[in-house]
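The structure under discussion appears below in the form of structure tokens.
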Amino acid sequence: MGTDTGDAIVVAEGIRKRFGETQALAGLDLTVPAGTVYGLLGPNGAGKSTAVRVFATLTRPDEGRATVAGFDVVRESREVRRRIGLAGQHAALDEQLTGRENLRIFGRLFHLGGARARRRADELLERFDLAFAADRLVRTYSGGMRRRLDLISSLIVSPTVLFLDEPTTGLDPRSRNEIWDTVRGLVADGTTVLLTTQYLDEADQLAQHIAVIDTGTVIASGTPDQLKATIGGRIDVVVDDVAGLDEAARALAVLAGTGAEPDVDPVNRRVSAPVGADTLALPDVVRHLDHAGVKAVDVGIRRPTLDEVFLTLTGKPAETSESTEPGRETAR
Amino acid sequence: MSAPAVSSGLRTGLSDGLAVMSRNLLKLKHQPGQIVATFAFPLVSVILFGYVFGSAIPIPGGGNYREYLMPGLFVMGTVFGVMGSLTVIAKDNGLGVMDRFRSMPMARSAVPFGQTAADLLVAAGSLVIMAACGLLFGWRAHNGVGATLGAFGLLLLLQYAVSWVGVFLGALAKNEETAARIGPLIFPVTMISNIFVPTDGMPAVLQAIADWNPVSAATVALRQLFGNPGLPTGDLAWPLAHPVLATAGWSLLLLAIFVPLSVRRFRTAGL
Ligand SMILES: Nc1ncnc2c1ncn2[C@@H]1O[C@H](COP(=O)(O)OP(=O)(O)O)[C@@H](O)[C@H]1O
Ligand SMILES: [Mg+2]
């Protein structure tokens with residue numbers, strides 16, 4: 001098995017899984033390089049959780065093959081389980097136990113032995129800033145703290161691959177940032193992380209590679225930059241007077257350089273144009289507009305939303321628009 | 001870091017089971033309410049059934065109603081034990097704890113075995129409390145140490161069997177809400193029996209059900225072993241004529257069905 005030479009550490013080949021009428025996975029192919037964060041991006045119902053459950057040996061694929069750290073998830077599931085951590089969509093904790101007790105029990109179930117399980121629990125609580133709440137019942141934890149404890153529960157034996165299924169869905173921005181920092185710290189330690197998310201923003205922040213998944217197959221993949229370049233973003237400019245709209249449109253057309261005609265919205269005195277989002281920085285845009293004599297009162301570069309990604313990639317809007325806005329909080 | 005070494009199957013399974021068991025017992029520590037409830041249940045039932053109903057219900061062959069009642073209360077407490085494992089397992093399922101367990105290198109059967117072992121210990125504790133309450137209100141075991149221990153052993157066997165039923169139902173229930181809806185079904189099981197009243201006053205169909213209800217056999221078995229009043233007489237259904245054998249048989253039958261079912265369920269759920 002290869003774990004540290006930049007080889008593929010999670011590989012899926014043509015995985016299919018059907019639940020009754022629903023084809024949850026319809027031939028999923030995936031190759032995750034070791035030592036990276038890999039983002040599986042897709043809307044609700046795309047098959048993200050099912051894919052993670054296949055890798056974590058919880059669900060058996062109908063067809064296809066998957067390996068984790070070189071071991072087959074069906075035939076060598078025991079070996080796989082010794083090398084992975086899983087933090088699912090919900091905080092899988094015992095609410096009637098303290099944070100420390102939760103970790104100790106998990107430690108014992110990872111066969112660390114009582115003393116080592118205790119030491120490891122203390123170590124993790126200290127390192128991930130939960131020591132202050134270690135002896136409180138999990139029932140009293142905030143949503144963010146639960147997620148963090150859940151995440152570190154999956155780190156008891158320093159997994160080779162960590163699967164995080166929508167680790168920040170439903171969290172407030174501050175808690176989300178804490179989780180992001182934790183994930184970054186893990187990769188610095190050499191853990192490979194496969195995370196699923198509905199937020200392009202999150203994948204962008206954390207992942208070196210992204211696979212966009214819809215109705216059970218990968219419809220695009222690459223680095224965030226590659227992906228955004230194919231999808232592009234938009235520049236929005238609001239001018240102080242309707243008279244300045246034409247001038248702003250001309251300036252934007254030059255800036256964007258995509259040959260596309262900018263959209264002009266006289267009611268809101270707004271001009272917007274699609275751009276390859278990674279090619280421009282806000283100061284450059286402002287300088288350029290200023291140079292062209294455009295009197296802008298508001299300028300913004302908008303990252304593409306997941307809806308736009310979908311529109312571009314599939315020609316149809318994402319089905320569940322309710323929960324697909326980037327950065328939007330969803331109730332659990 | 002290298003993954004922990006795999007120890008031999010049985011030892012791993014045993015230590016995993018112990019970990020799951022201690023997890024359940026630890027929870028009790030944080031739930032004084034639960035412990036109070038464990039104490040309160042026998043006390044309240046002895047007072048409620050013993051004194052409120054007891055004054056109005058005649059006992060076949062005469063005798064003290066509270067002496068008649070205690071064996072049934074022991075059995076009722078035991079059968080209600082199904083709620084414990086049902087709720088815990090269903091809750092873990094709903095929260096995704098089961099998924100985490102199943103993604104770990106632990107023995108998957110450790111969950112049902114550990115759970116039922118914890119249930120058994122808790123049940124033994126509540127039996128002691130129940131017996132103390134009974135003694136306080138005038139109940140006595142009249143047939144000596146051997147028969148008395150035999151009676152408690154039989155109860156624990158029944159409790160262990162019932163606990164496996166709870167584990168299986170909990171695994172089916174998938175979350176706490178469903179479990180809460182399944183739970184009350186236990187009431188008719190205890191009520192359509194001879195715990196509170198003799199069955200010969202019931203309509204024929206109901207009486208047949210009550211006579212073949214394992215709860216009835218267990219109650220008669222305890223009355224016999226404790227030497228408490230109210231043993232049924234006359235032309236008896238087989239389980240009531242051989243109550244100890246029937247109770248043990250029912251328990252073993254439940255175990256033979258629900259142990260393999262549960263273990264299989266924990267190995268393969270979601271696959
Ligand atoms: N156990 C299951 N039984 C029935 N349908 C399921 C089950 N798990 C997932 N599905 C269905 O499969 C599809 C993919 O689900 P999922 O993998 O959970 O998507 P995602 O995590 O991307 O939101 C959905 O349509 C979902 O309803
Ligand atoms: Mg999901």
Derivation of the side-chain hydrogen bond (donor to acceptor under 3.5 Å, both in side chains) call for Gln115(B) and Ser163(B): CA-CA 8 Å; Gln115(B) 175 68 44; Ser163(B) 165; over 6 Å; no
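Using a 4.5 Å cut-off between heavy atoms, Ser77(A) makes no contact with chain B at all. If you measure heavy-atom distances from Leu86(A) to chain B, the contacts under 4.5 Å come from both the backbone and the side chain. When heavy atoms are compared at a cutoff of 4.5 Å, Ala117(A) does not approach chain B at all. Proximity to chain B is absent for every atom of Phe163(A), based on heavy atoms less than 4.5 angstrom apart.
Atom CD of Gln31(B) has more than 12 heavy atoms from other residues, nucleotides or ligands within 6.0 Å. Around NZ of Lys27(B), the count of heavy atoms belonging to other residues, nucleotides or ligands within 6.0 Å exceeds 12.
Remark: Lys17(A) engages Asp62(A) in a salt bridge, criterion side-chain N to carboxylate O under 4.0 Å. Ion pairing between Arg100(B) and Asp150(A) holds under the 4.0 Å rule for side-chain N and carboxylate O. Ion pairing between a basic and an acidic side chain is recognised when a charged N comes within 4.0 Å of a carboxylate O; Asp99(B) and Arg102(B) show such pairing.
Identified by a heavy-atom distance below 4.5 Å to chain B, the contributing residues of residues 92-103 of chain A are Ala92(A), Leu93(A), Asp94(A), Glu95(A), Gln96(A), Leu97(A), Thr98(A), Glu101(A), in residue-number order.
Interface summary for chain A: among His30(B), Lys91(B), Met98(B), Lys29(B), the most heavy-atom pairs under 4.5 angstrom belong to His30(B).
You'll find the side chain of Arg104(A) stays beyond 4.5 Å of the side chain of Arg120(A), heavy atoms only. In this structure, Thr67(A) and Val10(A) have side chains that are not in contact, with every pair of non-hydrogen atoms separated by 4.5 Å or more.
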